[in-house]
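Let me give you the structure first, and then I'll get to my questions.
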Amino acid sequence: MSTAGAIEVPPERSVPPGQHLVAEAPVMHYGPVPRPRPDRWDFTVGGLTRHGGEQRFALDEVLAMTPVEVLGDLHCSARWSTLDERWSGVAARALVEAAPPADGVEDVLVFAEYGYSATIRVDDLMSARAVLATHHDGVPLTQERGAPLRLVIPHLYSWKGPKWVRGWNYTAAPERGFWEQRGYHLRGDAWREERYSYQE
Ligand SMILES: Nc1nc2c(c(=O)[nH]1)N[C@H]1C(S)=C(S)[C@@H](COP(=O)(O)O)O[C@H]1N2
Ligand SMILES: [Mo]
């Protein structure tokens with residue numbers, strides 16, 4: 001795996017501070033690519049839910065929710081960025097509305113296959129541009145890019161976009177996910193360069 005060479009940023013577009021533009025996102029994740037298991041797949045929302053219990057959704061139930069398409073960047077904490085990737089799928093906000101948090105809950109820990117997780121704010125999930133993507137550039141996500149479902153929140157660093165996402169837990173306070181436990185920022189807004197935990 002290699003990172004494509006840095007290319008010029010078009011004058012009308014910019015990348016966040018400390019990032020450089022690459023032509024194509026390298027495939028990047030920790031650990032192996034999970035095997036597709038559509039029969040066992042579900043999406044679980046738990047923790048401090050408004051209803052007090054866990055809610056589970058089958059893939060077809062998730063896919064029946066509000067469709068969205070966004071042009072969204074990837075900003076890796078390893079400092080490469082890509083601009084205007086086309087993601088389509090379901091609005092993350094639709095899942096929050098289907099399985100809302102208890103009053104006053106502001107944080108979630110989003111989790112994926114093999115224990116990967118990321119700390120996210122409910123506000124960021126509610127963003128009009130937060131998508132649970134099934135497609136990239138009009139074609140179904142490949143397995144290595146996160147099929148069947150991948151979270152993309154373009155203004156956050158892309159470690160906060162779990163591939164193979166399986167659900168989230170609402171938490172009373174921010175709970176550190178995979179990279180947040182390893183020195184990275186709880187909020188992770190790329191445009192504010194919230195990269196490392198010492199900046200919190
Ligand atoms: N499940 C899972 N999702 C993940 C990761 C991971 O290790 N596991 N890595 C993240 C990181 S650090 C980046 S930069 C992007 C890379 O996405 P890409 O492989 O489509 O370029 O996936 C994110 N989603
Ligand atoms: Mo990354």
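Whatever order the structure lists them in is the order used to number ligands and atoms, beginning at 1.
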remark   = Close residues (non-hydrogen atom under 4.0 angstrom from ligand 1) work out to A25, P26, V27, M28, H29, Y30, C76, W80, A112, Y116, R145, R150, S158, W159, G161, P162, K163, W164
query = Would the Y30 and F178 ring centres measure less than 6.0 Å apart?
reply = yes
ask   = Does Y196 have its ring centroid less than 6.0 Å away from the ring centroid of Y184?
value = yes
ask   = Between R50 and E97, is there a side-chain N and carboxylate O pair less than 4.0 Å apart?
value = no
Test item: K163 side-chain N/O and A147 main-chain N/O as donor-acceptor pair under 3.5 Å = no
query = Taking the six-membered ring for Trp, are W159 and Y157 parallel (under 30°), tilted (30 to 60°) or perpendicular (over 60°)?
reply = parallel
task = Compute the centroid of each ring, for W164 and then for H29, and state whether the two points are separated by less than 6.0 Å.
result = yes
